Amino acid sequence: MSTTLLLELHQEAKRLYIAGSELAAGDFRLKRLLPQFRQLGERSPVFKRIGEGIASLVEPEPGAEPPAVKLQELALLLESVLYTQGSMAPDGEPGPVEAPTVQGVKTTLSYRRLAKVREALTTTGGGRYEVVIEAFKEGFFRDLRLLPLAIRALDDPYAELAEYAMTTILPSYGPEIAGVLAGQFDLQGGKSEVRKLKVIGTAGGPAWRELLFTAAKEGKEAIRTTAIEFLAEDPEALPALLEWSSESRSAIRKAAFAALASGGTTEGEARILEAFAGKDRELVAEAISTLVRPTLAERLTALFQAELLEIKEPVTDAKEKEKAWKRLEPCIVALRGTETPELREAYRHVLRHLHVYAPLGGGSLITYAANYMERYGEEADLALLQELERQQPVYVSQHFHLARRLLEPKELYQRFAGSLLDILKTIGSKKREQRERMLLDIIEKMVLHREWSGVERVWSYSGYYNSLNYEMPTQTELETWDPRWLDWFVARGSVKLTAAFARPGHAKAQDFLLKQLHNLEARDRNELVPILFQGLERTGLTLGERQELLVSLLEQEKKYYRPYDFDPHLFNMLMELPASYAGRIEALVPRYQYETAKQLEYVKQQLQAKG
């Protein structure tokens, strides 16, 4: 008998059960199967009966039984035949069930509590990552039944979930998890096997050195590079690392150089310097950039200084520029995580000789030097960055951040907004305006941050939603700034910084914010209205005055304010309205939509309840 044909008919019967037996008449899928059953029916009575059942459904006669009865009879016959063809006996010999075991992991939770986590780890779609994180925090993964699923998560299509399983969930089981994973490890596997190896190396430690060594020699490229990383601190692996640093594949050489740099041996550093002097200069630089130990950093810095001193005059030829930059850039990359007096002096040399080094790397060398001084510079270096900014205002960011770190608030203001402005008159109005715009942007990024926060959706009685709002600086933070900055911000028309630095009794700031509230461009309203009201509160404008301003703004016909949802600060102001505003809020509800309409409806109800 043809079991495949029977199973296909079984699927069609199930389809008709769902779709409705009335659709069987003339069904082209059943028609396609009918000739095959009629042919088999010539040799088997059972297939003949099945064929007749199909025909009675596809080609019903007038006055015959309803199609539902015929479908039921056909399905019963089909089920009986399939039952006789099946087998309930399992293949193979019975034996003990193999399951991963880790000390301290038991089956203590009810299946109902595990169900949501199991679903998150065995399906796809959004929201699973948060479920798994919460389950781990609550200790669900100490239940043995989730261990296989945690291992399976290493191959999850959502990379963040797979990484979380690798870095957090599986290592939490302790060293024993390395043995569980080693029994399943495939040297020729893909990403999930790389993640397994990382867990083995992290959780297992030196006990799994032999497996790591085998993986470094015999695995696929990604497996090898991962294993090499864990052999960095193994003295016995040094000869192999030196050998691998000469392999033909660049990925293996790069991993070997990184391991040699991390190990910090004399032989390893000698090999790194040898390769750095040859064709692997860029590869070595990238490999060791976060692993340079002091002795190696000292030698690389000396090499960098020597390369800089080789350039005594500005390079004008394009090929010579490229050649010089290819010698310098690897030194910069290799030393980007290094802080030493010698390297600081090398970058000072660059800034003292701007005309010589400015052409190299399309200006990148100067940028690297300025960035280094921003992070590690001393007070003596302020003059270098000040001169650099005078020539190229785009470097005001590095100058300002270093000054902010080193100078007192009064000195900082005087340097950037005080008498220095008189000096900067010599650079022309366009450069002054460019510098001021950049300075405003720099300070804004330092003191104002847009943050997502969970806000309770009280108006819908349905949990929380995420709201993106500006986080204003605290009073303690503002005390670290000279109070004269506020006048400077008002004079330059900075709405956000005026609102952030506003303080009680500052009439200019209050007048400026009120004027801006009434003259905002349509494209700026949704972003700036909440900031303006927070600024007005900081100037001391009373709650009642601010509430009247807000309601009047919502009532405007032309310069209207129509956000998708009200900022929490504004919504709280509406909730604190007196009951006398109920009628005005009720009149506003039809003019709004989305979340704002629901919020206004809720405010109206609360005000009516107050009344």
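Here the structure is a predicted model, which is why all the values come from computation and not from measurement. Nothing fancy with the numbering, it's 1 onward along the sequence.
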Task: Heavy-atom pair of closest approach, residues Phe230 and Leu212 - done: CB-CD1, 3.9 Å
Task: salt bridge (charged side-chain N to carboxylate O under 4.0 Å, His left out) assessment of Arg435 paired with Glu389 - done: CA-CA 9 Å; Arg435 175 188 181 274; Glu389 180 203 333; 2.5 Å; yes
TODO: Without swapping roles, check the side chain of Thr539 against the backbone of Leu536 for a donor-acceptor pair under 3.5 Å.
DONE: yes
Open item on the list: Could you report the tightest heavy-atom contact between Ala369 and Val350, atom names first, then the distance?
Closed with: CB-CG1, 4.0 Å
Open item on the list: Taking atom CD as the centre, does Glu379 end up with more than 12 heavy-atom neighbours from other residues, nucleotides or ligands that are less than 6.0 angstrom away?
Closed with: no
Task: N/O donor-acceptor pair under 3.5 Å between Tyr158 side chain and Gly126 backbone - done: no
- [ ] Determine whether Leu528 and Lys496 make a side-chain contact, defined as any pair of heavy atoms from C-beta on separated by less than 4.5 Å.
- [x] yes
Task: Min side-chain heavy-atom separation Gln516-Leu513 under 4.5 Å - done: no
Open item on the list: Using 0.5 Å steps for rounding, measure from the CZ atom of Arg492 to the CZ atom of Arg437.
Closed with: 13.0 Å
Open item on the list: On a heavy-atom basis, which atom in Val284 and which in Ala275 lie closest, and how many Å separate them?
Closed with: CG2-CB, 3.7 Å
Open item on the list: Just so I know, are the side chains of Leu335 and Ile332 near enough to count as touching, which here means a heavy-atom distance under 4.5 Å?
Closed with: no
- [ ] Check whether any side-chain heavy atom of Arg195 sits under 4.5 Å from a side-chain heavy atom of Leu170, and report yes or no.
- [x] no
Task: Salt-bridge contact Glu378-Arg348 (side-chain N to carboxylate O under 4.0 Å) - done: yes
Task: Side-chain donor/acceptor of Glu329 to backbone N/O of Leu365, under 3.5 Å - done: no
Open item on the list: More than 12 heavy atoms of other residues, nucleotides or ligands under 6.0 Å from CD of Glu408: yes or no?
Closed with: no
Task: Note: Arg209-Glu236 ion pair, threshold 4.0 Å (strictly below) - done: yes
TODO: Can you see which heavy atom on Val292 is nearest to which on Ile288, and at what distance?
DONE: CG2-O, 3.1 Å
Open item on the list: Tell me if the aromatic rings of Phe304 and Tyr347 count as close, with their centers under 6.0 Å from one another.
Closed with: yes
Task: Geometric cation-pi criterion, Arg249 with Trp244: 6.0 Å, 45° - done: no
Task: Spacing of CZ belonging to Phe416 relative to CH2 belonging to Trp488, to within rounding of 0.5 Å - done: 10.0 Å
- [ ] Give a yes or no on whether the backbone of Ser248 and the side-chain of Arg253 come within a donor-acceptor separation of less than 3.5 Å.
- [x] yes
Open item on the list: Check this for me: does any side-chain nitrogen of one of Arg281 and Glu307 sit under 4.0 Å from a carboxylate oxygen of the other?
Closed with: yes
TODO: Under the side-chain contact (heavy atoms from CB on, under 4.5 Å) rule, what do Gln414 and Arg484 come out as? Steps first, then yes or no, please.
DONE: CA-CA 10 Å; Gln414 192 66 21; Arg484 291 174 291 177; 3.7 Å; yes
- [ ] For the pair Gln305 (side chain) and Glu345 (backbone), establish whether a donor and an acceptor sit closer than 3.5 Å, ignoring hydrogens and angles.
- [x] no
Open item on the list: Measuring only between side-chain heavy atoms, which start at C-beta, is Met373 closer than 4.5 Å to Tyr395?
Closed with: no
Task: Under 3.5 Å: donor-acceptor pair, side chain of Glu193, backbone of Asp186 - done: yes
Task: Test item: Thr498 side-chain N/O and Val495 main-chain N/O as donor-acceptor pair under 3.5 Å - done: no
Open item on the list: Between Arg404 and Glu374, does the salt bridge (charged side-chain N to carboxylate O under 4.0 Å, His left out) criterion hold? Intermediate values first, please.
Closed with: CA-CA 10 Å; Arg404 168 76 175 154; Glu374 177 189 337; over 6 Å; no
Open item on the list: Treating Arg503 as the side-chain partner and Pro483 as the backbone partner, does any N or O pair qualify as donor plus acceptor under 3.5 Å?
Closed with: yes
Open item on the list: Rounded at 0.5 Å granularity, tell me how far CZ in Arg293 sits from OG1 in Thr338.
Closed with: 12.5 Å
Open item on the list: Would you say the ring centers of Phe501 and His506 fall short of 6.0 Å from each other?
Closed with: no
TODO: Examine the side chains of Thr265 and Arg271 and answer whether a donor and an acceptor come within less than 3.5 Å of each other.
DONE: no
Open item on the list: If you define the side chain from C-beta out and look only at heavy atoms, does anything of Leu412 sit under 4.5 Å from Trp481?
Closed with: yes
- [ ] State plainly whether the residues Lys254 and Glu247 are in salt-bridge range, i.e. N to O under 4.0 Å.
- [x] no
Task: Distance-only donor-acceptor check, side chains His569 and Gln534, under 3.5 Å - done: no
TODO: Please report the shortest heavy-atom distance between Ile223 and Leu187, naming the atom on each side.
DONE: CG1-O, 3.5 Å
TODO: Using a strict 4.0 Å threshold on nitrogen-to-oxygen distance, state whether Lys319 and Asp317 make a salt bridge.
DONE: no
Task: Approximate separation, where rounding is to 0.5 Å, of Arg538 CZ and Leu478 CG - done: 5.5 Å
Task: Residues, nucleotides or ligands: over 12 heavy atoms within 6.0 Å of Glu313 CD - done: no
TODO: Return yes if some donor-acceptor pair links the side-chain N/O of Tyr357 with the main-chain N/O of Leu308 below 3.5 Å, else return no.
DONE: yes
Task: Heavy-atom closest contact (Ala324 atom, Ile311 atom, distance) - done: CB-CD1, 4.1 Å
- [ ] Please round to the nearest 0.5 Å and tell me the distance separating atom NZ of Lys137 and atom OG1 of Thr168.
- [x] 10.5 Å
Task: Within-4.5 Å side-chain heavy-atom neighbours: Thr214 and Glu218 - done: yes
Open item on the list: What's the separation between atom CD in Glu274 and atom CG in Leu242, rounded to the nearest 0.5 Å?
Closed with: 9.5 Å
Open item on the list: Side chains of Lys196 and Leu154, heavy atoms from C-beta outward: is any pair under 4.5 Å?
Closed with: yes
Open item on the list: Keeping Arg224 on the side-chain end and Gly219 on the backbone end, is there a donor-acceptor pair under 3.5 Å?
Closed with: no
